[in-house]
There are 2 protein chains.
Amino acid sequence: MSADPALRREIPDATVARLPEYLRTLSRLAEDGVLSVSSEELAAEVGVRSAQLRKDLSHLGSYGVRGVGYDVETLALEISRALGLTEDWPVAIVGMGNLGHALASYSGFVTKGFRIVGLYDDDPALVGERVVGVVIRPLAELTAHHAVDPIAIGVIATPAPAAQAVCDALVGAGISSILNFAPAVLSVPDGVDVRRVDLSTELQILAFHAQRKSLAAGHLRSAVAAP
Amino acid sequence: MSADPALRREIPDATVARLPEYLRTLSRLAEDGVLSVSSEELAAEVGVRSAQLRKDLSHLGSYGVRGVGYDVETLALEISRALGLTEDWPVAIVGMGNLGHALASYSGFVTKGFRIVGLYDDDPALVGERVVGVVIRPLAELTAHHAVDPIAIGVIATPAPAAQAVCDALVGAGISSILNFAPAVLSVPDGVDVRRVDLSTELQILAFHAQRKSLAAGHLRSAVAAP
DNA sequence: AGACGTTTGTGAACCCATGCACAAAGTTGA
DNA sequence: TCAACTTTGTGCATGGGTTCACAAACGTCT
């Protein structure tokens, strides 16, 4: 029987989405030599309510000490474990244009838990180029590569029209975790996880709120001008 | 009195987050010459339930025709209006490393509603370089630039340690919508919107689910081996 | 050893979001 | 003109997530 609540219980999606932020903050605190934090302090640092933080952490198990707080190192380790970052995840990036290059050389990549093992692009001008020590290869070689040196996560950094074909190739090779930067909705079979990161969606959401603010200001002015 | 429900009512955040996807799909359909869609068809295309789509759209007003569906062009226009994309939003990017370059030349940027009016970096090696027709300038010039040619949205593409200082500069200049690509939590005064896009958070969430899948497979195997 | 102050972990209440199911409203065809 | 069919818009129930508030648990100090 597994004694680890992280394995027994289901951790809510909303909690999982916050765990990386907790982990990042704990790592920073550890670097600063902080040994222990209360839920109040950590929550303030991360920008959430302390009750939420405690409830989130309770899903992993009981790693706090009442009257004291949480041991920074221990908690960081437990969150790492829950997220599966105690092992390294091999990542492949498909599409080595501007974005692909930026992602490959992104420092956050190498820091913890992730390792780039493959870079792919079908543009002959890019094939053969070496980025962060990995050679760019044509997409057709992905399946063979995956068979020898398994890839856990595929990152799609191609233009939107190519995204579905690339996705099919990744899924066909047996990769079941995909991070999609292309502005396209991917259809995948059950059991495959896709997360999308989309710049223009985020900009549009900001535009909505910006518009709301400027409209509110406008109403304020007209209310003053003609009440 | 305003007759537009988009201005009267509050649109839920969850709905706002989906509107860009609806808009993107509608634009694609319009390009393909499709004139009308039912909620069922559009929902299938986007990957949501039709009831959710209808409820989302109902927050903007009543633009469908019962027994027929939605006029593609009209609906796209109304969503654009709701999001505030009928006008162009001037955007500035701070931090012109790999990511900044990738963002500046990202096609999705120019497509609709957004226009890059400023690129900033304090690295002397980058200042003066021209990207997509805009010259990179030192951050110190931002306030003066904003006073002459207002910036609506600031994008932070710097390393994490610089992010808060850059954010303070943006807010100080009077910019109240910020898109943050740095893995750092920004503290801002009330009235300033910050959205964060973080690669490593997304990867970690994928890792969590990948781990869950591989653990499930492991349990399955051990259940078969020792029932 | 025992009382006091602090902080966790969690039951319970609230709030928002999703999904169902159907009446209202429109179109089409006879 | 009227009946049959289609699809929207929405009231209602359900479920998750967030927040409150407090008892239980721990360290500390006398």
Side-chain angles (χ1 to χ4, degrees), chain A residues 3-6 8-22 26 29 34-76 78-79 82 205 208-209, chain B residues 3-6 8-22 26 29 34-76 78-79 82 205 208-209:
Chain A
D4 188 342
R8 275 208 315 273
R9 291 187 205 170
E10 193 72 11
I11 303 181
D13 283 350
T15 295
V16 174
R18 281 185 294 268
L19 289 180
E21 196 57 51
Y22 300 157
L26 285 167
L29 291 176
V34 178
L35 298 177
S36 174
V37 274
S38 67
S39 62
E40 203 69 53
E41 294 164 344
L42 183 53
E45 206 70 34
V46 173
V48 300
R49 307 270 173 191
S50 64
Q52 175 146 273
L53 173 60
R54 289 197 300 275
K55 182 146 287 187
D56 282 342
L57 296 182
S58 76
H59 289 115
L60 313 189
S62 200
Y63 299 111
V65 179
R66 293 165 192 237
V68 177
Y70 300 88
D71 180 78
V72 171
E73 199 117 348
T74 306
L75 189 54
E78 290 304 331
I79 294 178
I205 295 171
F208 171 80
H209 290 291
Chain B
D4 187 342
R8 274 208 315 273
R9 292 187 205 171
E10 193 72 10
I11 302 180
D13 284 350
T15 294
V16 173
R18 282 186 293 268
L19 290 180
E21 197 58 62
Y22 300 158
L26 285 167
L29 291 176
V34 179
L35 297 177
S36 175
V37 274
S38 68
S39 61
E40 204 68 53
E41 293 163 344
L42 182 54
E45 205 71 33
V46 173
V48 301
R49 305 270 172 194
S50 65
Q52 174 149 275
L53 174 60
R54 290 198 299 275
K55 182 149 289 189
D56 282 343
L57 296 182
S58 76
H59 289 116
L60 313 188
S62 199
Y63 298 112
V65 179
R66 292 166 193 236
V68 176
Y70 300 87
D71 180 78
V72 171
E73 199 117 349
T74 306
L75 189 55
E78 289 303 331
I79 294 177
I205 295 171
F208 171 80
H209 290 291

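Residue numbers begin at 1 in each chain, while the letters A, B, ... track the order of the sequences.
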Handout entry: Nearest heavy atoms of A82(A) and L60(A), plus distance in Å
Key = CB-CD2, 3.8 Å
Problem - Atom-pair distance (NE2 on H59(A); P on dG16(D)), nearest Å - result: 12 Å
Exercise for the section: Could you tell me which residues satisfy side chain to side chain donor-acceptor pair (under 3.5 Å) with S36(B), sequence neighbours excluded, listed by chain and number? Expected result: none
Exercise for the section: Please identify each residue that fulfils side chain to side chain donor-acceptor pair (under 3.5 Å) with Q52(B), with sequence neighbours left out. Expected result: none
Set out, line by line, the N/O atom pairs under 3.5 Å between protein and nucleotides 17-19 of chain C.
from	atom 1	to	atom 2	distance (Å)
dT18(C)	OP1	R18(B)	NH1	2.7
dT18(C)	OP2	R18(B)	NH2	2.9
dT18(C)	OP2	Q52(B)	OE1	3.3
dT18(C)	O5'	Q52(B)	OE1	2.8
dG19(C)	O6	K55(B)	NZ	2.7

Handout entry: Length of the CD-P vector between E10(A) and dG16(D), whole Å
Key = 10 Å
Handout entry: R49(A) atom CZ: more than 12 heavy-atom contacts under 6.0 Å
Key = no
What's touching nucleotides 22-28 of chain D from the protein side, N or O pairs under 3.5 Å?
from	atom 1	to	atom 2	distance (Å)
dA24(D)	N3	R66(A)	NH1	2.9

Problem - Any S62(A) side-chain N or O less than 4.0 Å from OP1/OP2 of dG9(C) - result: yes
Practice task
With rounding to the nearest 0.5 Å, note down the distance linking CZ in R54(B) to CG in L42(B).
Solution key: 11.5 Å
Exercise for the section: Rounded off to whole Å, could you give me the CG-to-P distance for the L53(B) and dC20(C) pair? Expected result: 14 Å
Practice task
Let me know the distance between OH of Y63(B) and P of dG9(D), rounded to the nearest Å.
Solution key: 11 Å
Exercise for the section: Write down the distance between CG (L42(B)) and P (dT7(D)), rounded to a whole number of angstrom. Expected result: 14 Å
Exercise for the section: Mind listing the closest non-hydrogen atom pair of S39(A) and L53(A) along with its distance? Expected result: O-CD2, 3.3 Å
Practice task
Can you see which heavy atom on V72(B) is nearest to which on L26(B), and at what distance?
Solution key: CG1-O, 3.5 Å
Exercise for the section: Specify the separation, in whole Å, of atom CD of E40(B) and atom P of dG9(D). Expected result: 14 Å
Practice task
May I have the distance from L60(B) (atom CG) to dT8(D) (atom P), rounded to whole angstrom?
Solution key: 15 Å
Handout entry: salt bridge (Lys or Arg N to Asp or Glu O under 4.0 Å) contacts touching residues 63-74 of chain B (sequence neighbours left out)
Key = none
Handout entry: side chain to side chain donor-acceptor pair (under 3.5 Å) against T15(B), all qualifying residues, sequence neighbours excluded
Key = D56(B)
Exercise for the section: Respond yes when some side-chain nitrogen or oxygen of S39(A) is under 4.0 Å from OP1 or OP2 of dT7(C), and no when none is. Expected result: no
Practice task
Verify the contact: side-chain N or O of Y70(B) to OP1 or OP2 of dG9(D), cut-off strictly under 4.0 Å; return yes or no.
Solution key: yes
